[in-house]
Each structure stands twice: as structure tokens, then as C-alpha cells.
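Throughout, protein chains are lettered first and strands after them, A, B, ... in sequence-line order, and every chain is numbered starting at 1. These numbers were taken from a predicted model, which means no experiment stands behind them.
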Number of protein chains: 4
Amino acid sequence: MGAVRTGRMPRAVREQQMLDAVVQIFGRRGHTAASMDEIAELAGISEPLVYLYLNSKEDLFTACIRREAAALTGAVRDGVRPGLSADRQLWEGLRAFFTHTARHPEGWAVLHLQARTHGEPFAAEIAAMRAEIVAFVAELILVAAREAHHDPALPERDVAGLAEALVGAAESLAAWANATPGVTSRQAAATLMNFAWAGLGDLMENRPWSPPVEPARGQGRG
Amino acid sequence: MGAVRTGRMPRAVREQQMLDAVVQIFGRRGHTAASMDEIAELAGISEPLVYLYLNSKEDLFTACIRREAAALTGAVRDGVRPGLSADRQLWEGLRAFFTHTARHPEGWAVLHLQARTHGEPFAAEIAAMRAEIVAFVAELILVAAREAHHDPALPERDVAGLAEALVGAAESLAAWANATPGVTSRQAAATLMNFAWAGLGDLMENRPWSPPVEPARGQGRG
Amino acid sequence: MGAVRTGRMPRAVREQQMLDAVVQIFGRRGHTAASMDEIAELAGISEPLVYLYLNSKEDLFTACIRREAAALTGAVRDGVRPGLSADRQLWEGLRAFFTHTARHPEGWAVLHLQARTHGEPFAAEIAAMRAEIVAFVAELILVAAREAHHDPALPERDVAGLAEALVGAAESLAAWANATPGVTSRQAAATLMNFAWAGLGDLMENRPWSPPVEPARGQGRG
Amino acid sequence: MGAVRTGRMPRAVREQQMLDAVVQIFGRRGHTAASMDEIAELAGISEPLVYLYLNSKEDLFTACIRREAAALTGAVRDGVRPGLSADRQLWEGLRAFFTHTARHPEGWAVLHLQARTHGEPFAAEIAAMRAEIVAFVAELILVAAREAHHDPALPERDVAGLAEALVGAAESLAAWANATPGVTSRQAAATLMNFAWAGLGDLMENRPWSPPVEPARGQGRG
DNA sequence: TATGAATGAGCATTCATTCAT
DNA sequence: CATGAATGAATGCTCATTCAT
């Protein structure tokens with residue numbers, strides 16, 4: 001995005017430029033197929049400088065994953081207002097998720113596709129991030145169960161499975177929404193809320209989950 | 001599995017041995033990181049023989065993807081009895097799916113992880129297979145809607161999104177079931193049917209979807 | 001030329017088929033770039049059979065060179081009638097040479113181009129053949145000098161150089177005649193006889209060497 | 001020649017070292033049989049550096065051919081003084097030609113033997129160079145005819161054939177002079193001038209072409 | 001006589017990485 | 001801070017050749 005400035009620059013800026021380039025390349029080609037050459041060229045610097053700043057290809061990939069993971073989880077966290085009911089919190093989290101993945105497709109590709117297909121250091125990083133999100137969703141489900149006055153609530157393993165299912169559905173819909181022209185992140189979130197909260201059975205009976213009317217948040221795409 | 005027979009063998013046998021090895025290696029490392037060396041060694045043959053029979057690394061990967069995709073879709077197709085109601089068909093399909101992915105984890109890794117992260121010939125192959133499955137699920141949803149006497153049924157795009165969500169949830173649960181000790185394919189399928197058919201809302205109200213009692217199909221299929 | 005017969009055949013026939021194929025392939029691609037694969041396929045037999053008959057690639061090339069060299073020197077020898085004057089003998093030899101090289105371009109390519117560019121066993125073979133031809137030409141020049149009543153005749157080294165020059169000119173004209181549409185072997189031979197016998201000086205003075213009228217030999221192309 | 005300097009050096013120097021090595025190896029073995037390994041070793045560098053600077057084996061061969069072709073045609077051009085009569089110009093050109101080929105036998109081998117036996121990019125390059133030389137010779141012959149007051153001069157095709165013959169004779173004599181101890185480039189040129197200008201017929205009559213006495217050009221050029 | 005099965009050795013090329021300046 | 005010069009180690013692929021049948 002935008003012309004890369006060349007010449008001497010503070011280290012922090014250079015590092016961000018490099019990571020921007022890395023996200024592009026890794027997102028498109030993956031870790032193994034990407035060459036340091038290409039990364040340095042896209043970042044507008046020489047190859048040795050890449051090594052000077054970020055020791056090795058592995059460190060580069062790790063840094064890239066961490067930055068993108070932090071950006072994604074941060075976006076979701078910031079999108080959720082804590083006080084609301086569980087389904088409203090989930091709704092807001094999903095909207096933030098779909099919005100972020102739509103805006104950062106390469107970053108999402110790194111996290112969802114590339115990082116998982118390469119040996120241990122990276123897969124673990126992704127697993128941690130994903131576990132965090134799944135735990136968040138599981139917590140919401142437990143809260144919802146509690147709100148519905150169920151004691152004992154759903155068994156723990158069931159909750160874990162349901163959260164896994166929901167997150168998997170979200171990941172799938174993110175790709176679908178990005179690939180299907182005309183599907184907004186709002187629609188993707190609504191589809192998923194209907195599916196997850198109301199279930200197909202209720203949908204058959206014309207009892208959808210209804211998304212709340214949003215007064216004035218107007219974030220571009222949503 | 002087990003030591004590979006050595007010595008002279010007919011071509012067809014060797015080709016299967018090779019594809020078995022390829023699934024292992026590609027499933028673990030991915031296309032780019034896998035070396036032909038390694039594959040040949042695991043197959044118990046010399047490298048040139050791999051080229052003699054399967055031409056190139058790309059052809060090898062393609063053949064591997066095709067074989068595994070055919071095995072998976074075939075398993076699901078064979079697991080579903082056509083006459084039943086939509087939810088029963090979905091239930092059976094999911095059981096077959098989770099059983100197959102649990103039994104062939106490397107094959108599933110090739111299809112779900114590796115093939116999607118490498119250039120066009122492979123991603124397209126996978127996209128085609130996945131589209132087939134999504135279409136099957138979408139059809140089931142439409143049938144269910146028709147069975148519930150709804151006219152007009154759900155809008156087409158909604159159905160597509162729901163099917164995507166369901167398939168994504170299944171993919172996610174397959175990994176979860178494989179990674180979580182003690183989770184059977186039956187439980188994974190039950191979790192997903194609850195999630196998909198009843199929805200979280202109904203689950204909160206203690207109205208789960210109930211899996212059918214299976215009379216005499218035994219442990220054979222999971 | 002013509003469909004290759006397949007199935008069991010006497011060894012001698014098979015060997016000629018193989019050498020025919022070898023001449024084609026070596027003539028076009030050269031020794032190193034030609035593959036045994038290709039040769040076997042063009043000969044219509046399996047690779048091991050090639051080894052059974054003609055031990056190795058080197059032997060194959062050697063056999064090919066020998067056959068083509070014998071054919072060429074034989075054609076020249078047969079074309080020359082011994083009793084004539086030196087210039088007539090040269091004239092007839094050149095006609096035979098140009099005719100043969102025009103009819104067997106791949107064989108000529110093997111001898112003139114390919115065999116000389118590959119290590120010692122082959123270059124020596126070619127050098128021997130060429131030396132034979134050069135010696136024949138040198139002898140003709142000596143005879144001509146004797147006929148002109150010169151004693152002492154030209155110094156030996158001069159004769160050798162002149163013969164080399166004449167043969168080189170012939171080689172060059174062979175390629176030129178093959179590449180230039182409309183130039184017959186007769187014209188090529190006439191050009192060379194003029195050049196060699198009369199010399200540019202005489203040609204400038206309009207004193208060409210005149211080719212004899214050939215009564216009834218009419219060999220197609222000449 | 002002599003041990004190659006090692007250590008860090010500017011790119012231009014390394015490239016010349018590489019091309020020097022390439023001429024040796026290609027001249028001896030030809031394009032196909034030469035290995036990049038061998039070339040790098042002879043140049044005193046590592047293989048990757050060859051690729052870094054000259055891209056590929058094909059580019060290497062092309063660069064080598066171009067350098068040697070330019071050197072040869074340049075030497076001939078520089079050896080000829082334009083004002084002289086046609087035979088004197090030819091004489092000087094031949095002297096330069098034989099001198100150059102004697103001093104650069106590997107380069108000459110690359111041009112005359114190796115480059116012609118390998119596929120199209122190279123053969124075309126050589127054909128162009130050779131055509132340039134043949135055209136130069138043909139022009140000299142035409143000038144000579146004009147000087148001799150002949151109108152109409154020789155037919156165009158005859159001139160082309162004569163030039164081809166002369167160039168072929170020169171090529172042949174270059175190899176002969178290099179292989180025959182004691183034959184200088186001057187003698188080779190004299191032999192060829194006699195052959196070409198006087199012709200065998202005149203030589204038989206003791207009417208050779210006489211090379212000019214060279215006053216003070218010394219041994220420098222041959 | 002003839003072939004399908006199989007391989008050891010080599011080769012062009014690439015890439016992550018280092019070092020001297 | 002930044003780079004031009006340089007390389008060790010792999011990797012995909014080919015080929016001449018052998019052997020069991």
C-alpha cells in the first residue's frame with residue numbers, strides 16, 4: 001500500500017515495512033515458497049538488512065504471525081462491548097471478525113492457511129491464538145447457559161465442541177464472504193448468528209435470530 | 001504401515017505404495033517442503049522410479065489429492081442412505097465424514113491444509129471437491145425446508161451461507177475430534193447436529209436434536 | 001524412411017534399423033544431447049535391446065560414424081574413374097561428394113559437425129576419414145603437377161595445405177548447397193572446380209575451368 | 001592462464017574470469033558435456049556466483065559466443081587497411097584471421113565447432129557472424145572483378161559460392177595450421193592466397209600469387 | 001529374442017545466510 | 001545504517017545402464 005520510502009529510516013519503521021512485505025508474500029505463497037529475495041525487494045531494502053533486523057526466515061515468519069494474530073484478536077476484543085448479553089457479544093465479535101478478515105485478506109491467509117501448514121513453531125503459535133478465541137466463545141456459551149438459568153450448565157466437553165464448531169463456521173464463512181461478491185461482513189455475521197443461535201430447525205420454523213438495529217456506529221463496510 | 005515390500009513388483013502396486021508415501025509426507029510437510037528423496041525412501045524405492053511412474057512432483061501431488069478426495073467423498077456418499085429425512089441424511093453423512101477423517105488423518109491434512117496453500121492447480125482441485133460437498137449439504141437444507149412446508153423457502157444465498165457454515169464447522173470439529181482424546185466420531189457428529197439443527201438457543205432451553213438409535217450397524221463405521 | 005517393422009527380426013536387420021535411427025538422432029541433436037530412450041523409440045525397439053546389440057552409447061556413436069564415413073568415402077571412390085586426367089578425377093570426386101552429402105544430410109551432419117565436437121575416440125575416427133580424403137586430393141594435385149612436367153613438383157607441405165584448402169572449401173560448399181534452394185550438386189562442383197583450378201585471378205580474366213560435357217551418366221540430381 | 005586471483009573482486013572482473021573459463025571448457029567439451037561445476041571451479045569461484053552474474057547455462061554460452069565472435073571479427077576488421085587493392089585486403093584479412101585463430105584456439109573451437117552443433121539460439125548467432133565474413137569476402141571478389149574491368153561481373157550466385165568456398169578453405173586451413181607444427185599464420189595465408197587467387201591451374205604453370213613484402217610490421221601480427 | 005522393472009550418478013538451478021566494507 | 005560479494009547445502013529431474021524373467 002503506497003510507495004515504500006527508501007533511504008535511511010528509523011528501525012521501527014523499517015521493521016513495519018518489512019513485516020508488511022512479509023505478510024503479502026507469505027500470505028500469497030506461504031512460508032516455504034516465499035524467498036527472502038522477494039521479501040527484501042518488496043520491502044525496498046537489501047537482503048542483509050532483513051537479516052540484521054529480523055534474524056532469520058523463521059523469526060520473520062514468527063513475527064509476522066504474531067503481529068497478525070495480535071491484530072485479529074485485538075480487533076475482535078475491541079469490537080465487543082462487555083456489558084451486553086451473550087448473543088449480543090457474540091454478534092459484535094463476529095462482526096469485528098468478518099470485518100477484519102475482509103480488510104486484511106493476506107494477514108488472514110497467513111493465519112488461517114499458511115501458518116498451519118508449516119512445522120511446529122508456527123502451528124503452535126496459531127493454535128494458541130485460536131484457543132484464545134475458542135475459549136472466548138466457549139465462555140460466551142457458558143454465560144448464555146447461565147443466563148438461561150440452567151444448572152448444571154452444558155457439560156464442559158460439549159461446550160468446547162460447540163465453540164469449536166462455531167469458530168470453524170466463522171472461518172469458513174470468512175473465506176466465503178471474501179470470495180462471494182456482494183456479501184458484506186454484516187451479512188456473514190447475520191448468517192452465522194442465525195445458524196448458531198437459532199439453528200436450522202428453528203430456521204425451518206421461521207424463527208430466526210434477529211440482529212439488533214445499530215444506531216450510529218457506521219464502520220464503513222459493516 | 002509396516003515395512004514396505006522390496007524387490008520387483010508390478011507397476012500398479014508400486015504406484016499405490018508411492019501414493020501412500022506421498023500422502024504421509026505431503027500431509028506432514030506440504031508440497032513445497034516435501035522432498036522427492038524423502039518420498040522415495042518412505043516408499044522403499046529409488047527416486048527415478050517415482051519420476052518414471054508419476055512424472056513430476058506436481059503430478060504426484062495432483063494424483064495424491066485426487067485419490068484422497070475421491071476416498072473422502074466416496075466414504076460420505078456411501079454413508080448416506082438416500083431415502084431418509086434430511087436431518088437423518090445429514091447425520092449419516094457427518095458420521096461418515098468424521099469416521100473417515102479420523103482414520104485417514106494425513107489424507108485429511110493433505111486435503112484440508114496442504115492442498116489449499118499451494119498454487120492454482122491444487123487449490124482448484126480442492127475447491128471443486130469442497131463445492132461438491134457444500135452443494136450436497138445445501139441440497140439437504142433445501143429439502144428440509146421443503147419438508148417443513150415453507151414456501152418460499154430460504155433465499156438461495158442464505159442457504160449457500162448456511163451450508164458453508166455447516167461444512168466449516170464440520171472441518172473444524174474433525175481436527176478437534178482428532179486432537180482431543182476420547183472424542184469419537186459419533187460424538188463429534190452429535191455435537192455438530194445439535195449445533196446445526198437445534199442451535200444454541202434451543203440448546204439453552206434444553207431442546208437438543210436427538211440422534212437416532214442405531215440398531216445393528218455396530219462399531220464398524222465408528 | 002518407411003514404417004519400421006516390429007516383432008522378431010534377424011539381428012543384422014535390427015542393427016541397421018538401429019543405426020538408421022542413431023544417424024537421425026545424432027545428426028540432429030549430437031551425441032550428448034541424444035538419449036538412448038529416443039533412439040530405441042525411433043528404432044521401434046526397447047532400450048535393453050539396444051544395449052544387447054551395440055554395447056553402449058559410445059559404441060553406438062562409433063558404429064554410426066564408421067558406417068557413414070564408409071558410405072561417404074565409398075561414394076566418392078566409386079564416383080571417380082581412375083584413368084582420367086587429374087582435374088577430371090577431381091571433378092568426378094566432387095560431384096560424388098556433393099551428391100552424397102545432399103542425399104544424406106543427417107549422415108553428413110554426424111561426420112562434419114557432431115563427431116568432431118565430442119572427445120577423443122570420435123574425433124580421431126573423423127580425422128582418419130578426412131585424412132584419407134585429403135590424401136586422395138593431395139595425390140591428384142601431385143599427379144597434375146607431374147602431368148604439367150614440373151620437377152621438382154610443389155613442395156610437400158604446400159601440397160598438403162592446398163589439399164586441406166580444397167577439402168575445406170568443399171565442406172563449406174556442401175553446407176551452402178544444402179541450405180541454398182536451387183543449387184545443384186553439379187553447380188556446387190563447378191563452382192569449386194573454377195575456384196580451385198582456375199583461381200580467382202583467372203576468373204577475373206574470363207578464363208574459367210570448363211566442366212566436361214557428360215554424355216549419358218545422368219544420375220538424377222547432378 | 002595462471003592461477004586465478006581469489007577473494008573479493010568487482011563484478012566486472014569476475015565476469016571476465018568466468019567467460020575465460022567458459023571458453024576453455026566449452027571449447028574442449030561443448031555446451032552439453034560441460035558442467036557448471038567445472039566452469040565454476042576453473043574460474044576459481046563457487047557455482048552460485050555463476051548463476052548470480054550470468055543467469056543460466058544458455059546465457060553463459062551465448063555470452064561466450066558473442067565475446068569470441070566480436071573478438072574474431074574485430075581482429076579481422078582491424079587487420080585490413082581499406083585503401084588497398086582487393087587481393088591485398090584479402091591477404092591482410094587472412095593473416096589477421098589465421099593469427100587470431102592460432103592465438104585463441106579454444107575461442108575458435110567454440111565458434112567453429114561447438115556453437116554450430118547445438119540448438120537454435122547458438123547456431124543462429126554463428127550463422128550471423130559467418131554471414132558477415134562471407135559477405136565481406138564476396139564484396140572483395142566483386143571489387144576485384146570491377147578492378148579487372150569486367151562488365152557484367154560474375155553472376156551473384158557465383159560470387160556467393162566462391163566466397164563460401166574461400167571462407168571454408170580458410171576455416172580448414174586454420175585447423176591445419178594449428179595442428180601442423182611449424183606452419184605459421186603467414187604461411188597459411190600464403191597457401192590460401194595462392195590457392196584462391198592463382199588457382200591450381202596457374203600453380204601448375206609456375207604462376208603463383210605473390211604475397212607483398214611487408215616492410216616494418218614485424219613479427220607482432222604473425 | 002525381447003522387455004518391464006529398477007537404480008547410481010550426475011546436473012542445472014535455487015536459497016538462506018554470512019562477511020567485508 | 002546499509003550493501004555488494006560470495007557460498008554450502010539442497011532439490012527436482014534425467015540418463016545410461018543392468019537384471020530378472
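- Applying the side-chain hydrogen bond (donor to acceptor under 3.5 Å, both in side chains) test to A/H31 and every residue at least two apart in sequence or in another chain returns nothing.
- Stem analysis of DNA chain E (Watson-Crick or G-U pairs, both distances under 3.5 Å, runs of at least three) returns E:2-21 with F:2-21.
- Remark: A/R66 pairs with A/E125 by the side-chain hydrogen bond (donor to acceptor under 3.5 Å, both in side chains) rule, at least two apart or across chains.
- In this structure, the CG atom of B/L49 is 14 Å from the C1' atom of F/dC13, given to the nearest Å.
- Listed nucleotides: F/dT7, E/dA12, F/dA2. Nearest to the side chain of A/Y53: F/dA2.
- Taken to the nearest 0.5 Å, the CD1 atom of C/I25 stands 11.5 Å off from the CG atom of C/D20.
- Near DNA chain F, meaning a heavy atom under 4.0 Å away, the residues from residues 27-37 of chain C are C/A34, C/S35, C/M36.
- If you find the closest nucleotide of DNA chain E to B/A12 and to B/E47, the one lying nearer the 5' end belongs to B/A12.
- Within 4.0 Å (heavy atoms only), B/R11 reaches sugar-phosphate atoms of the nucleic acid but no base atom.
- Evaluation of the side-chain hydrogen bond (donor to acceptor under 3.5 Å, both in side chains) rule for D/R11 yields D/E15 as partners, not counting sequence neighbours.
- Residues of residues 54-62 of chain C that place a heavy atom closer than 4.0 Å to DNA chain F, in numerical order, are C/S56, C/K57.
- Counting only residues at least two apart or on different chains, the salt bridge (Lys or Arg N to Asp or Glu O under 4.0 Å) pairs with a member in residues 29-52 of chain B are B/R29-B/E38.
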Using atom names, set out every protein N or O paired with an N or O of nucleotides 19-21 of chain E below 3.5 Å, distance rounded to 0.1 Å.
from: E/dC19; atom 1: O2; to: D/R8; atom 2: NH2; distance (Å): 2.7

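- Rounded to whole Å, atom P of E/dA12 lies 14 Å from atom CD of D/E41.
- Residues D/L52 and B/Y51 both approach DNA chain F. Their nearest nucleotides, taken by heavy-atom distance, put D/L52 toward the 5′ side.
- Applying the side-chain contact (heavy atoms from CB on, under 4.5 Å) test to A/A69 and every residue at least two apart in sequence or in another chain returns A/L111, A/M129.
- Residues satisfying the salt bridge (Lys or Arg N to Asp or Glu O under 4.0 Å) test with A/R116, not counting sequence neighbours, are none.
- Judged as a side-chain hydrogen bond (donor to acceptor under 3.5 Å, both in side chains), the pairs with a partner in residues 54-63 of chain D (not counting sequence neighbours) are, in order, D/N55-D/D59.
- In this structure D/T32 satisfies the side-chain hydrogen bond (donor to acceptor under 3.5 Å, both in side chains) test together with D/H118, sequence neighbours excluded.
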